[in-house]
Amino acid sequence: DDAEVPRPRRVPAAASEGDHAPAASDKGAKYRDHASVWAALEGDANVRAGDVRLLSLKWLMALADKGGALPRRQELPEEAFVTAAQLRRIEAGAR
């Protein structure tokens, strides 16, 4: 049989220590510390306030109890969200 056998693709060599490309494990790392999470929620030079919003677990559980499906963000009622101010109060109470 003259069928060509597929060859494995060449994988580029690992980045050297001097390279500054983020490692796969660094993906999303900027949202792992408090300051970056608050900046995303409250807005900063990179994110407009309101672009990132957290959903209320209480609201999600009530939706699930009713057998509802999660709608698009644009269709969610305001009570589905936790505001940054509410989260600040929760955080202060947890200390």
Side-chain angles (χ1 to χ4, degrees):
D1 189 69
D2 290 335
E4 188 173 314
V5 177
R7 296 177 187 232
R9 290 184 327 161
R10 287 193 70 179
V11 178
S16 69
E17 196 172 307
D19 292 342
H20 296 290
S25 62
D26 290 343
K27 259 188 166 173
K30 69 179 180 177
Y31 297 118
R32 292 188 183 147
D33 66 81
H34 281 102
S36 64
V37 171
W38 287 116
L41 292 173
E42 295 174 330
D44 68 0
N46 298 314
V47 180
R48 291 181 307 180
D51 280 357
V52 176
R53 298 183 76 187
L54 298 179
L55 289 177
S56 162
L57 180 58
K58 182 178 177 179
W59 185 87
L60 281 171
M61 291 178 70
L63 179 68
D65 288 345
K66 293 186 288 187
L70 186 63
R72 299 180 318 150
R73 176 183 168 166
Q74 301 91 317
E75 297 166 350
L76 290 171
E78 198 56 37
E79 63 267 13
F81 298 101
V82 175
T83 66
Q86 289 170 317
L87 193 57
R88 288 261 185 215
R89 287 192 297 276
I90 293 167
E91 180 188 42
R95 289 184 184 183

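By the rule that hydrophobic residues join a cluster once side-chain heavy atoms approach within less than 4.5 Å of another member, Leu87 and Phe81 end up as members of separate clusters.
Pairs engaging residues 64-73 under the side chain to side chain donor-acceptor pair (under 3.5 Å) rule: Arg72-Glu75 [sequence neighbours left out].
In this structure, the side-chain contact (heavy atoms from CB on, under 4.5 Å) partners of Glu42, at least two apart in sequence or on a different chain, are Trp38, Ala84, Arg88. Applying the side-chain hydrogen bond (donor to acceptor under 3.5 Å, both in side chains) test to Thr83 and every residue at least two apart in sequence or in another chain returns Gln86. Applying the side-chain hydrogen bond (donor to acceptor under 3.5 Å, both in side chains) rule to Arg53 yields the partners Glu78; only residues at least two apart in sequence or on another chain are considered. Every side-chain hydrogen bond (donor to acceptor under 3.5 Å, both in side chains) that Asp51 has, sequence neighbours left out, goes to Arg48. In this structure, the side-chain contact (heavy atoms from CB on, under 4.5 Å) partners of Leu70, at least two apart in sequence or on a different chain, are Leu55, Trp59, Leu60, Leu63, Leu76. Remark: Glu79 engages no residue in a side-chain hydrogen bond (donor to acceptor under 3.5 Å, both in side chains) (not counting sequence neighbours).
For Val47 against Ala40, the heavy-atom pair with the smallest separation is CG1-O, 3.7 Å. For the pair Ser56 and Val82, the tightest heavy-atom approach, listed with the atom from each and the gap, is CA-CG2, 3.6 Å.
Grouped by direct or indirect side-chain proximity (heavy atoms under 4.5 Å, Ile/Leu/Val/Met/Phe/Trp/Tyr only), Leu57 sits with Met61.
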